[in-house]
Engineer: 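Quick one: the structure is below, and I'll ask about it shortly.
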Number of protein chains: 2
Amino acid sequence: MAGDEEQVFRNFLARKGRRWTPERKAVLREVFAHHDHFDAEELHRRLRARGLTVSRASVYRTLGLLVESGLVAEVFVEDGHMHYEHVYGHEQHSHLRCLGCRRVIEFRDEALPGVEARLAAAHHFQVTGHKLEVYGWCAACQGKEG
Amino acid sequence: MAGDEEQVFRNFLARKGRRWTPERKAVLREVFAHHDHFDAEELHRRLRARGLTVSRASVYRTLGLLVESGLVAEVFVEDGHMHYEHVYGHEQHSHLRCLGCRRVIEFRDEALPGVEARLAAAHHFQVTGHKLEVYGWCAACQGKEG
DNA sequence: ATTTTTATTGAGACTCTATATCATTATTTT
DNA sequence: AAAATAATGATATAGAGTCTCAATAAAAAT
Ligand SMILES: [Mn+2]
Ligand SMILES: [Mn+2]
Ligand SMILES: [Zn+2]
Ligand SMILES: [Zn+2]
């Protein structure tokens, strides 16, 4: 299960008639090298820092494929652009965000599966996932709102 | 409480040393004229259609102020840009989105206040709000995933 | 192994959303 | 009425993300 993301991605690509390339491999590896939230330009920078030449266009394109495959998820918009995280091999979780220092705390809550189930039943939806962000002020930032 | 948004906005502006102008009034009125989800350009178009001349810049600026005041909320990103809704005078709700036809269903779930409360306690957060989106396929769109 | 087919790449142009600049105008205060 | 200062609109600018296309490389066919 863990470390298996390459096989999952290759299967996904094969199923869609897409190809496995060194660029896609490099992006996949970098995305799964750290557990953190990142954006496209940062990912591009990291790859270059490792001496791997993957164009900006290919980074964006591969990121799209990774999201489509379900290995990676869009987490939130900050500073006017999307941020991502790898999700394959990790428990589903949500994000608690401090409006002051912008710190992000990951959390799991047992109530969410119930919410999904109720919605599926009430609206005849085939629910595939959800995104929950909770906002507020962390202990350190409380009272600095002005 | 309902229809009170003008007074709330004027108070908000006064408190921040900002001014009440015809342009801000026009934007506020248009935002509260319909209950739907909209984007900045659409709002601008609607104002022009009414014969009101408010520049694009002022639309974006006023939208920012409305969000800051809490009268309006950012709901989701679609087609690469933000969508909004007025929230003042309405019960808090979340959004169920069909990945096929992009239809949006509003819903309320009793579990959410509990989630907020548990997070506040566990992380010493002063929680101010949350945003929940649930994704899936509506009855009409199921099986068209390809 | 060679050839053929076709997806991918990279460079840069381009689109679009959103913000910044700044001279002019309007609101608020004195 | 005058002074102070915030807001406006036109336009420029920034930034994220997509598109184009000729060259290249992966996979399939022979
Ligand atoms: Mn996370
Ligand atoms: Mn809504
Ligand atoms: Zn904080
Ligand atoms: Zn649908």
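Numbers restart at 1 for each chain; the letters A, B, ... are given by sequence-line order, proteins then strands.
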Engineer: Could you check whether the side chain of A:Arg19 and the base of C:dT6 have a donor-acceptor pair of N or O atoms closer than 3.5 Å, going by distance alone?
Structural biologist: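 Check passes, donor-acceptor contact within cut-off.
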
Engineer: For A:Arg18, report the nucleic acid contact type (base, sugar-phosphate, nothing); a contact means any heavy atom under 4.0 Å.
Structural biologist: sugar-phosphate

Engineer: Within this structure, what is the CD-to-P distance between A:Glu78 and D:dA16, rounded to whole angstrom?
Structural biologist: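 Rounded to the whole Å, the gap is 13 Å.
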
Engineer: Between C1' on D:dA26 and NZ on A:Lys25, what's the gap in Å once rounded to a whole number?
Structural biologist: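 The distance from NZ of A:Lys25 to C1' of D:dA26 comes to 15 Å, rounded to the nearest Å.
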
Engineer: Out of D:dG17, C:dA18, C:dG12, which has the shortest distance to the side chain of A:Ala57?
Structural biologist: C:dG12

Engineer: Look at the side chain of A:His81 and decide which nucleotide, out of D:dG17, D:dG9, C:dT19, has an atom nearest to it.
Structural biologist: D:dG17

Engineer: Working to the nearest 0.5 angstrom, can you tell me the gap between B:Leu66 CG and B:Tyr84 OH?
Structural biologist: 10.0 Å

Engineer: Atom CG of A:Leu52 and atom P of C:dT9: how far apart are they, to the nearest Å?
Structural biologist: 14 Å

Engineer: Out of D:dG9, C:dG10, C:dT8, which nucleotide sits closest to the side chain of A:Thr21?
Structural biologist: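 Nearest to the side-chain atoms of A:Thr21, counting from C-beta on, is C:dT8.
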
Engineer: Let's test your reading of the model: under 3.5 Å, does the base of D:dG9 pair with the side chain of B:Arg56 as donor and acceptor?
Structural biologist: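 Looking at the base of D:dG9, it does not pair with any donor or acceptor on the side chain of B:Arg56 (distance under 3.5 Å).
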
Engineer: Any idea which heavy atoms bring B:Glu133 and B:Val75 closest together, and the distance?
Structural biologist: OE2-O, 3.8 Å

Engineer: For the pair B:Asp79 and B:Arg102, find out whether any cationic side-chain nitrogen is under 4.0 Å from an anionic carboxylate oxygen.
Structural biologist: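 Looking at B:Asp79 and B:Arg102, the cut-off is met.
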
Engineer: If the cut-off is 4.0 Å, is A:Tyr60 near the phosphate of D:dG17, judged by side-chain N/O to OP1 or OP2?
Structural biologist: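 Affirmative; the distance criterion is met.
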
Engineer: Measuring from atom CG of A:Leu28 to atom CG of A:Leu63, what distance do you get when rounded to the nearest 0.5 angstrom?
Structural biologist: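 So the gap between those two atoms works out to 11.0 Å.
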
Engineer: Rounded off to whole Å, could you give me the CD-to-P distance for the B:Glu42 and C:dT17 pair?
Structural biologist: 12 Å

Engineer: Have a look at A:Arg24 and say if it touches a base, only the backbone sugar-phosphate, or nothing, with a 4.0 Å heavy-atom cut-off.
Structural biologist: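 Sugar-phosphate, backbone atoms only, no base.
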
Engineer: So if I take every side-chain heavy atom of A:Glu41 and compare against D:dA16, D:dT20, C:dT19, which nucleotide ends up nearest?
Structural biologist: D:dA16

Engineer: Can you check the B:Glu74 CD to C:dT17 C1' distance for me, whole Å?
Structural biologist: 13 Å

Engineer: At less than 3.5 Å, do the side-chain atoms of B:Arg61 and the base atoms of D:dG9 form a donor-acceptor pair?
Structural biologist: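 It does, because a donor-acceptor pair links the side chain of B:Arg61 to the base of D:dG9 below 3.5 Å.
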
Engineer: To the side chain of A:Pro22, which of C:dT17, D:dA26, C:dT9 is closest?
Structural biologist: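 For A:Pro22, the side-chain atoms sit closest to D:dA26.
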
Engineer: Reading DNA chain D from 5' onward, which residue's closest nucleotide shows up sooner: A:Gly80 or B:Val59?
Structural biologist: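 It is B:Val59 whose nearest nucleotide is closer to the 5' end.
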
Engineer: Name the residue from B:His83, B:His95, B:His86 that meets the ring-ring contact (aromatic ring centres under 6.0 Å, His included) definition with B:His37.
Structural biologist: B:His95

Engineer: Let me know the distance between CG of B:Leu13 and C1' of C:dA26, rounded to the nearest Å.
Structural biologist: 15 Å

Engineer: How close or far is atom C1' of C:dG10 from atom CD of A:Glu23, stated in whole angstroms?
Structural biologist: 9 Å

Engineer: D:dG15 P sits how many Å from A:Arg45 CZ, rounded?
Structural biologist: 12 Å

